[in-house]
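The structure appears below as structure tokens.
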Amino acid sequence: MKQQEPFQFTLDVVAYPIAFIMLLWLIFAIEIRFGFSLNFLGVYPQKPSGLIGVVFSPFIHSGIEHLWHNTIPLFVLSTALFYFYRPIAFKILIYGIILSGFLTWCIGRPSYHIGASGLIYVLASFIFFKGVFAKHYRLIALSLLVAFLYGSMIWNTLPLEEGISWEGHLSGLLVGLLFAMVFKKQITKPKRYVWEDPDYNEENDVFLQHFDENGNFIETIVEEELPESTLPEVTLPLTITYTFKENKEL
């Protein structure tokens with residue numbers, strides 16, 4: 001039975017990220033159209049009423065620049081998530097929103113924390129660390145790509161700039177690392193070769209049997225038995241009788 005390819009592109013790989021991003025833009029468009037703000041749905045740390053933002057804060061943005069800066073990395077990382085980690089993609093998204101939001105509520109400053117950047121840090125952290133832990137060459141390559149594209153985001157987990165929720169970024173980074181260590185099932189494993197098995201025996205390896213102890217190739221010629229002839233047996237002596245007829249027309 002042929003082993004199924006673990007990484008396959010289907011329409012939902014891009015459909016779910018696009019649908020999620022369109023929802024963010026739709027919410028922002030409704031705010032602009034009707035002239036009200038949903039910032040009160042953000043995470044407000046250490047207040048029971050601020051817990052509502054644990055669920056709703058990723059869908060709220062302060063302006064079009066804020067939303068635009070989150071759109072591209074959110075699309076790239078969520079697409080990579082659905083392509084390489086399809087079986088657990090929704091778990092990462094849903095649990096990532098809840099846990100990163102709750103951790104922000106625990107450690108954040110007394111202010112409204114809004115935006116999908118916390119989720120972006122969850123995805124970037126999970127994809128990077130999981131690729132390293134899984135030791136699959138494709139997932140490692142993806143980790144290196146994420147580090148190349150978004151490695152500079154690590155500085156935003158520190159309180160270096162006013163107006164940026166570094167607590168939300170740090171929470172997302174820690175949650176992504178936690179997911180990379182916790183989620184082990186349904187992750188594509190690196191291919192194991194025969195000689196990597198603990199019970200591997202060189203003497204039973206058909207390929208190695210073609211070489212001697214010095215590594216020289218030994219050509220083995222297998223003699224095939226010829227099939228038995230289906231012709232009737234001939235018993236000697238053989239008698240042949242000819243009959244001659246004269247052509248009288250000549």
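Nothing here was measured: the structure is a model prediction, and the numbers come from that model.
At least one side-chain heavy atom of I120 sits less than 4.5 Å from a side-chain heavy atom of M153. Side-chain atoms of F126 and Y85, non-hydrogen and from C-beta on, do get closer than 4.5 Å to each other. Within the 4.5 Å cutoff, no side-chain heavy atoms of L24 are placed close to those of T71. Proximity of R109 to P45: side-chain heavy atoms (C-beta onward) are nowhere separated by under 4.5 Å.
Heavy-atom neighbours of F148 CZ from other residues, nucleotides or ligands within 6.0 Å: at or below the threshold of 12. The environment of CD1 in I64 is sparse: at most 12 heavy-atom neighbours from other residues, nucleotides or ligands sit within 6.0 Å. W68 CH2: 12 or fewer foreign heavy atoms inside a 6.0 Å radius.
Among residues two or more places apart in sequence or in another chain, the ring pair (Phe, Tyr, Trp, His ring centres under 6.0 Å) test is passed with H113 by none. Residues satisfying the ring pair (Phe, Tyr, Trp, His ring centres under 6.0 Å) test with F82, not counting sequence neighbours, are Y16, F90. Shown here are the ring pair (Phe, Tyr, Trp, His ring centres under 6.0 Å) partners of F59, two or more places apart in sequence or in another chain: F20. Residues passing the ring pair (Phe, Tyr, Trp, His ring centres under 6.0 Å) test with Y112 are Y44, sequence neighbours excluded.
A salt bridge (Lys or Arg N to Asp or Glu O under 4.0 Å) check over residues 8-19, counting only residues at least two apart or in different chains, returns the pairs D12-R86. Among pairs with a residue in residues 56-65, none fulfils salt bridge (Lys or Arg N to Asp or Glu O under 4.0 Å), at least two apart in sequence or across chains.
Between the OG atom of S143 and the NE2 atom of H136 there is a distance of 12.0 Å, given to the nearest 0.5 Å.
A ring-centre distance under 6.0 Å is not found for F28 and H61.
When all heavy atoms of S57 and G42 are compared, the pair lying nearest together is CB-CA, 3.9 Å.
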